[in-house]
Amino acid sequence: MQIQENVLLAPYTTFKIGGPARYFCVVSDQFDALQAYEFADKNKLKTFVLGGGSNILISDNGFDGLVLKVENRGVEILSEDANQVTLKVASGENWDEVVRFAVNNNWWGIENLSHIPGSTGAIAVQNVGAYGQEAKNVIESVVVFNKETHEIQNLKASECGFSYRSSIFNTQAKGQYIIFYIHFKLSKVPKPNLSYRDLKNRFFFAEDPHPNPLPGGEGTKIPSLAEIRSAVIEIRDQKFPFPTEAKKGNAGSFFKNPVLSKSGYEKLRQAIVKNFGNDKASELDKKKFSDSTNLTAVKFVLNDSVKVPAAFLIDLSGLKNLSNGGAAINQNQPLVIINQSGTATSAEVLGLASQVKNAVLSKTGISLNFEPELIGF
Ligand SMILES: Cc1cc2nc3c(=O)[nH]c(=O)nc-3n(C[C@H](O)[C@H](O)[C@H](O)COP(=O)(O)OP(=O)(O)OC[C@H]3O[C@@H](n4cnc5c(N)ncnc54)[C@H](O)[C@@H]3O)c2cc1C
């Protein structure tokens with residue numbers, strides 16, 4: 001295992017932004033990991049584990065420590081029966097290739113997570129989710145290298161603390177583990193998850209919005225895995241510029257959807273009525289989707305709370321056309337900040353993100369949180 005010095009990090013990120021790592025190495029197994037952490041300990045260096053760089057913003061000054069880039073490979077069937085299959089997937093595998101592999105084999109459970117950039121290991125870090133599916137629903141366990149004990153551990157999903165965009169890996173155990181493998185439990189029995197409205201509309205409401213047939217109900221056909229994957233990719237591509245195909249670097253959603261208590265939602269509603277009028281508040285009511293019996297409105301259902309679309313708040317606050325230097329709000333999906341010029345700096349991205357955060361706070365009372373991790377600031 002080689003440790004390199006002064007490696008520019010921008011090319012390792014989908015934002016295409018960021019200065020150099022003081023030290024950089026590629027780790028493929030626990031022996032590499034051990035050497036890397038021994039080097040960091042000896043030289044009193046901070047460490048950062050890098051996957052595909054699609055959920056981070058690296059400072060223009062870079063990272064004054066050791067970056068460990070995880071690049072192990074392999075997909076293996078651990079067990080299978082007539083109904084399900086358990087896969088062991090190496091962290092360094094490209095996530096979308098894994099989804100494609102599962103879809104091609106007719107295994108259900110991750111098709112809605114199609115076309116999300118990055119590595120497989122990181123899927124567990126923020127419990128990646130999209131179109132009504134979350135990684136936690138298919139993760140059986142996570143195989144990690146413990147930085148303190150130098151041991152390999154198998155953490156059951158129940159030990160990973162998964163919730164919306166969160167797990168122990170980005171909260172209390174942040175930086176403690178390198179994820180080397182994830183065990184996924186996938187179904188051989190068709191289990192289409194069409195709870196997300198755009199997706200359901202694609203298969204059931206496209207021609208006639210009135211006689212809404214229930215998915216899987218009489219007279220309807222269950223869409224195939226390949227059909228669902230193509231629909232997800234098509235819907236996503238209208239909103240998210242896919243970094244390998246578009247020039248506009250980005251890290252996906254820059255802002256998380258706020259999750260509010262019922263009273264928090266009421267407060268937000270009052271602020272919207274005051275600043276934007278009743279019609280806008282009614283529009284938000286339609287989007288909050290708190291009633292799970294309403295089949296057209298299940299995107300934002302949570303048990304006792306309400307998930308509010310941050311994109312709506314950004315749009316409402318008149319920020320859709322905002323830019324700062326080379327960084328701009330993405331017109332088709334205002335949750336996304338893009339490196340529009342191709343030469344945007346991290347300072348410009350953060351400056352823009354802060355403007356959005358402050359404006360949304362002053363107009364709605366909601367404090368938006370950033371989704372990508374900020375490195376080296
Ligand atoms: C166009 C676009 C669309 C996106 N859409 C979505 C979406 O719909 N839903 C969603 O949830 N996310 C989305 N994302 C965000 C991102 O793709 C995911 O969070 C992805 O899982 C990050 O993977 P990565 O390998 O690039 O992680 P990185 O950005 O490299 O790292 C992210 C975090 O994970 C940690 N990490 C990475 N690998 C490991 C490992 N092996 N062991 C321990 N820690 C590790 C890093 O230290 C860091 O804290 C999108 C991003 C883009 C650019």
Side-chain angles (χ1 to χ4, degrees), residues 9 12-18 26-30 32-33 46-58 63 65 67-73 89-96 98-99 110 112-136 142-147 155 160 162 164-171 173-182 196 232-233 235-246 248-257 330 332-333 335-339 370-376:
L9 292 173
Y12 289 98
T13 72
T14 55
F15 246 135
K16 303 295 175 220
I17 292 175
V26 168
V27 294
S28 304
D29 55 33
Q30 69 187 103
D32 292 343
K46 290 176 287 181
T47 56
F48 175 70
V49 177
L50 177 65
S54 65
N55 206 27
I56 53 175
L57 175 66
I58 295 179
F63 180 71
V67 169
L68 291 78
K69 168 112 176 76
V70 181
E71 284 206 351
N72 60 336
R73 292 277 185 274
V89 185
S91 288
E93 290 290 342
N94 174 280
W95 172 249
D96 195 50
V98 174
V99 177
I110 52 177
N112 292 24
L113 305 180
S114 287
H115 234 206
I116 295 179
S119 63
T120 299
I123 285 296
V125 175
Q126 74 155 357
N127 175 30
V128 158
Y131 301 91
Q133 233 165 32
E134 275 187 305
K136 69 173 180 161
V142 178
V143 179
V144 297
F145 175 84
N146 186 325
K147 181 183 164 181
L155 303 177
C160 296
F162 291 127
Y164 171 62
R165 297 295 188 269
S166 178
S167 72
I168 58 165
F169 306 112
N170 65 2
T171 55
K174 191 169 161 33
Q176 191 182 327
Y177 300 116
I178 297 182
I179 296 168
F180 271 125
Y181 295 95
I182 301 186
Y196 184 84
V232 169
I233 291 176
I235 296 167
R236 287 190 71 92
D237 285 356
Q238 286 160 12
K239 298 181 181 171
F240 290 98
F242 198 71
T244 52
E245 290 161 17
K248 296 167 182 172
N250 69 86
S253 302
F254 205 93
F255 305 96
K256 291 186 195 178
N257 291 318
N330 183 44
N332 294 341
Q333 170 50 283
L335 287 182
V336 180
I337 291 182
I338 49 173
N339 176 357
F370 300 156
E371 188 172 311
E373 189 177 336
L374 307 180
I375 308 297

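Order of appearance sets the numbers: ligands from 1, and atoms from 1 within every ligand.
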Nearest neighbour of atom 9 (N) of ligand 1 from the list Gly129, Ala130, Gly121, Ala135, on a heavy-atom basis: Gly129
Under 3.5 Å: donor-acceptor pair, side chain of Lys69, backbone of Val49: no
4.5 Å side-chain heavy-atom contact, Arg236 and Ile116: yes
Proximal atoms of ligand 1 relative to Arg165 (non-hydrogen, under 4.0 Å): 9 (N), 11 (O)
Identity and distance of the protein heavy atom lying nearest atom 21 (O) of ligand 1: Val128 CG2, 3.3 Å
For atom 29 (O) of ligand 1, closest protein heavy-atom neighbour: Asn55 N, 2.8 Å
Per-atom contacts of ligand 1 with Gly118, taking only distances under 4.0 Å to non-hydrogen atoms: 23 (O), 24 (P), 25 (O), 26 (O)
Nitrogen or oxygen atoms of Gln126 and ligand 1 under 3.5 Å apart: yes
Check: Gly92 main-chain N/O paired with Asn72 side-chain donor or acceptor under 3.5 Å: yes
Straight-line distance of Leu9 CG to Ile58 CD1, nearest 0.5 Å: 4.5 Å
Separation of Ile17 CD1 from Asn339 CG (nearest 0.5 Å): 4.0 Å
Minimum-distance protein heavy atom relative to atom 23 (O) of ligand 1: Ala122 CB, 3.1 Å
Heavy-atom side-chain proximity of Ile168 to Leu155 below 4.5 angstrom: yes
Ligand 1 contact on Val144 by region, counting heavy-atom pairs under 4.0 Å: neither
Numbered atoms and elements of ligand 1 in range of Ile178, under 4.0 angstrom, heavy atoms: 42 (N)
Polar contact flag for Asn250 and ligand 1 (N/O pairs, less than 3.5 Å): no
Protein heavy atom at shortest distance from atom 13 (C) of ligand 1: Ile116 CG2, 3.8 Å
Result of checking Val67, Ile178, Leu68 against Thr47 for side chain to side chain contact (heavy atoms under 4.5 Å, CB included): Leu68
Heteroatom distance test (Glu373, ligand 1): nitrogen or oxygen, under 3.5 angstrom: yes
Test item, Arg236 contacting ligand 1 (heavy atom, 4.0 angstrom): yes
Heavy-atom pair of closest approach, residues Leu113 and Ala135: CD1-N, 4.2 Å
Closest to atom 44 (N) of ligand 1 among Asp96, Val125, Val27 (heavy-atom distance): Val125
N/O separation below 3.5 Å, Ser119 to ligand 1: yes
side-chain contact (heavy atoms from CB on, under 4.5 Å) evaluation trace for Asp96 with Ser114: CA-CA 6 Å; Asp96 195 50; Ser114 287; 4.2 Å; yes
Within-cut-off N or O pair, Gly52 and ligand 1, under 3.5 Å: yes
For ligand 1, the portion of Val70 having any non-hydrogen atom under 4.0 Å away: side chain
From Asn55 atom CG to Glu373 atom CD, the distance as rounded to the nearest 0.5 Å: 8.0 Å
Plane angle bin for Phe162 and Phe169 - parallel if under 30°, tilted between 30 and 60°, otherwise perpendicular: tilted
Residue and atom name of the nearest protein heavy atom (relative to atom 31 (O) of ligand 1), distance in Å to one decimal: Ile56 CG2, 4.1 Å
Asn170 to ligand 1, any heavy atom closer than 4.0 Å: no
Pair Gln126, Asn170: side-chain N/O donor-acceptor within cut-off below 3.5 Å: no
Options Gly53, Pro117, Ala251, ranked by nearest heavy atom to atom 28 (P) of ligand 1, top entry: Gly53
NZ or CZ of Lys256 within 45° of Tyr164 ring axis and under 6.0 Å: no
Any side-chain heavy-atom pair of Tyr177 and Phe145 under 4.5 Å: no
Spacing of CG belonging to Leu57 relative to CZ belonging to Phe15, to within rounding of 0.5 Å: 5.5 Å
Identity and separation of the nearest protein heavy atom to atom 47 (O) of ligand 1: Val49 O, 2.5 Å
Ile179-ligand 1 polar pair, N/O distance under 3.5 Å: yes
Gly51 neighbourhood, listing ligand 1 atoms whose heavy-atom distance to it stays under 4.0 Å: 25 (O), 30 (O), 37 (C), 38 (N)
Any Tyr177 heavy atom less than 4.0 Å to ligand 1: yes
Protein heavy atom at shortest distance from atom 16 (C) of ligand 1: Ser54 OG, 3.3 Å
Options Gly252, Pro372, Ser91, ranked by nearest heavy atom to atom 51 (C) of ligand 1, top entry: Gly252
